[in-house]
Amino acid sequence: MTSKQPAYLVLNAGSSSLKFSAFRPRPSDGDLETLLSGQISGIGSIARFEAKAADRRPLGEHTWDDKDSACRDTLLQYVLNWINTTLVDDDIVAVGHRVVHGGLSLGQPMRVSPDLLDELDSLVPLAPLHQPHNVAPMRILARNFPDLAQVACFDTAFHSSQPPVARNYGLPQALTDAGVCSYGFHGLSYEYVTSHLLASRPDLAEGRVVICHLGNGSSLCAVKGGRSMDTSMGFSVLNGVPMGTRSGSIDPGVILYLMREKQMGLEELEDLLYRQSGLLGVSGISNDMKVLQESADPAAQKAVELFCFRVAKEVAAMAASMGGLDALVFTAGIGENSPEIRALIAERLDWLGVGVAPDANARKAYDISAADARVPVFVVPTNEEMMIARHTIQVLGHKPGHA
Ligand code: AMP
């Protein structure tokens, strides 16, 4: 019999990084506390492990040579060994994974099984740059630790409540039926923020809320009564507002033009739209909003202006999808940390009744609404990992303290 407490590992695996966090449910109320978090960056080149405690104290670091830096099996094994030796009072009883795509059928988090892995593989064409990396650690863990429970949590799932009119494109029905429609992403972030608002302002959470997830990847979501009604990202993570290096929505005719007149092929277009556009492409300086805001270069200011213009426009579109706006929420790297961007967006939405109080906005208060604003404005730090840990516990039917 073990006296160790059950803990949950959350993995977010990308093309060159593996982010991890560990959570422990408090036996008293089941609320989750973060034990540690970290990541391996530089997978495929020079892999580097860094971990910190919940209070941001550094806990460990390690660097691999180029030979081992591409071996995901070795890197994942290192994370598990390190966590097991670091968390001496805890026992990892399950792993929750962030998965970008659940298609049309996976509208809920699911326990990982051979059948689910096959289904996730079949969705690779919908998210070829992300899905294979999300699925890889599940297979490694299933092979090396067959008794360890795993749960897959989908970024698309929160949007499964959207009505067809919000999901369908103006394309022939046969293509829509074949899955060429809007799926939406950042769902775990929207779900977390919605749960936060429900706990703190249930009156508003019942209403029509636009959540602006503004980070390196950015999207907006119309949430009515806690359910997603519309979102700015769509079939892929390229749609919507301009992002760090992604274009956001452009006229599809641009792509036809580039193919015909500039002889651009698939890989060149993919590179252009995913990696050379957005804030980086417009400014020619950086994909990093903080760098652009600190720059006096007019090209940097042009990129910032385009970003705010497009976010404000998308807020209005989301409000239209719900027939009104009762609250606006900012989250993710830019949304949480840049009072200037929040103020610039709010300024453009004055006509909708949105207004922020300069003092509260500057000190990143939770409620940053101006006193006379009809639409209250909030800043909620997102926590997708926490959401995944909650789902993992729920899917497995674990009770606090009784894993
Ligand atoms: P995320 O993808 O959520 O980690 O967000 C990353 C983005 O947040 C980058 O564009 C950062 O420049 C931006 N960011 C983080 N802190 C700040 C800040 N203090 N001011 C402006 N942008 C910030």
Side-chain angles (χ1 to χ4, degrees), residues 10 12-21 34 37-41 50 52 56 98 100 129-130 133-134 155 185-193 196 211-221 231-233 237-248 274-297 299-311 314 329-347 356 358 360-365 368 378-388:
V10 170
N12 180 359
S15 56
S16 64
S17 69
L18 173 67
K19 295 185 181 139
F20 57 87
S21 316
T34 307
S37 62
Q39 69 168 330
I40 297 179
S41 55
E50 282 174 295
K52 57 184 188 316
R56 310 191 77 80
R98 182 178 185 180
V100 68
L129 304 183
H130 296 93
H133 305 296
N134 301 157
D155 261 322
F185 300 91
H186 289 141
L188 293 157
S189 173
Y190 293 129
E191 200 176 359
Y192 177 83
V193 171
H196 189 287
I211 304 174
C212 306
H213 177 110
L214 309 180
N216 203 24
S218 296
S219 72
L220 286 81
C221 187
T231 190
S232 63
M233 273 183 179
V237 294
L238 284 177
N239 208 46
V241 298
M243 305 166 222
T245 60
R246 292 180 226 148
S247 62
Y274 277 95
R275 291 181 279 275
Q276 307 296 339
S277 297
L279 297 175
L280 174 66
V282 174
S283 69
I285 295 171
S286 175
N287 65 322
D288 189 313
M289 181 59 92
K290 194 161 187 291
V291 171
L292 296 180
Q293 285 191 262
E294 286 164 359
S295 166
D297 192 317
Q301 297 317 311
K302 193 168 73 172
V304 172
E305 185 186 15
L306 178 67
F307 182 80
C308 296
F309 174 87
R310 292 280 294 276
V311 172
E314 207 67 59
V329 183
F330 288 101
T331 192
I334 302 171
E336 291 166 28
N337 297 305
S338 179
E340 296 84 8
I341 297 292
R342 292 194 295 263
L344 287 168
I345 294 167
E347 217 172 87
V356 299
N361 187 31
R363 74 184 136 80
K364 191 183 159 181
I368 59 168
F378 301 91
V379 180
V380 176
T382 195
N383 196 337
E384 289 144 305
E385 292 75 19
M386 174 85 77
M387 202 65 235
I388 293 170

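Numbering of ligands and ligand atoms starts at 1, following listing order. Residue numbers start at 1 and run along the sequence shown.
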Worksheet item: Is it the case that more than 12 heavy atoms not belonging to Q301 sit under 6.0 Å from its CD atom?
Response: yes
Could you give the N/O to N/O pairs under 3.5 Å linking ligand 1 and the protein, each with its distance?
unit_1: ligand 1; atom_1: 2 (O); unit_2: N216; atom_2: N; d: 2.8
unit_1: ligand 1; atom_1: 3 (O); unit_2: G333; atom_2: N; d: 2.9
unit_1: ligand 1; atom_1: 5 (O); unit_2: N216; atom_2: N; d: 3.4
unit_1: ligand 1; atom_1: 8 (O); unit_2: I334; atom_2: N; d: 3.3
unit_1: ligand 1; atom_1: 10 (O); unit_2: M289; atom_2: N; d: 3.1
unit_1: ligand 1; atom_1: 12 (O); unit_2: D288; atom_2: OD1; d: 2.2
unit_1: ligand 1; atom_1: 12 (O); unit_2: M289; atom_2: N; d: 3.2
unit_1: ligand 1; atom_1: 12 (O); unit_2: K290; atom_2: N; d: 3.1
unit_1: ligand 1; atom_1: 19 (N); unit_2: N337; atom_2: O; d: 3.3

Discussion item. Strictly below 4.0 Å, N to O, side chains only: are K290 and E294 in salt-bridge contact?
Written reply: yes
Fill in: side chain to side chain contact (heavy atoms under 4.5 Å, CB included) against S295, all qualifying residues, sequence neighbours excluded
I285, D297, A300
Item to complete: Decide whether S338 and Q293 meet the rule of one side-chain donor and one side-chain acceptor closer than 3.5 Å.
Response: yes
Discussion item. For S277 and S247, which I'm curious about, is there any donor-acceptor pair between the side chains at under 3.5 Å?
Written reply: no
Worksheet entry | Parallel, tilted or perpendicular, as decided by the 30° and 60° cut-offs, for the rings of Y190 and H213 | perpendicular
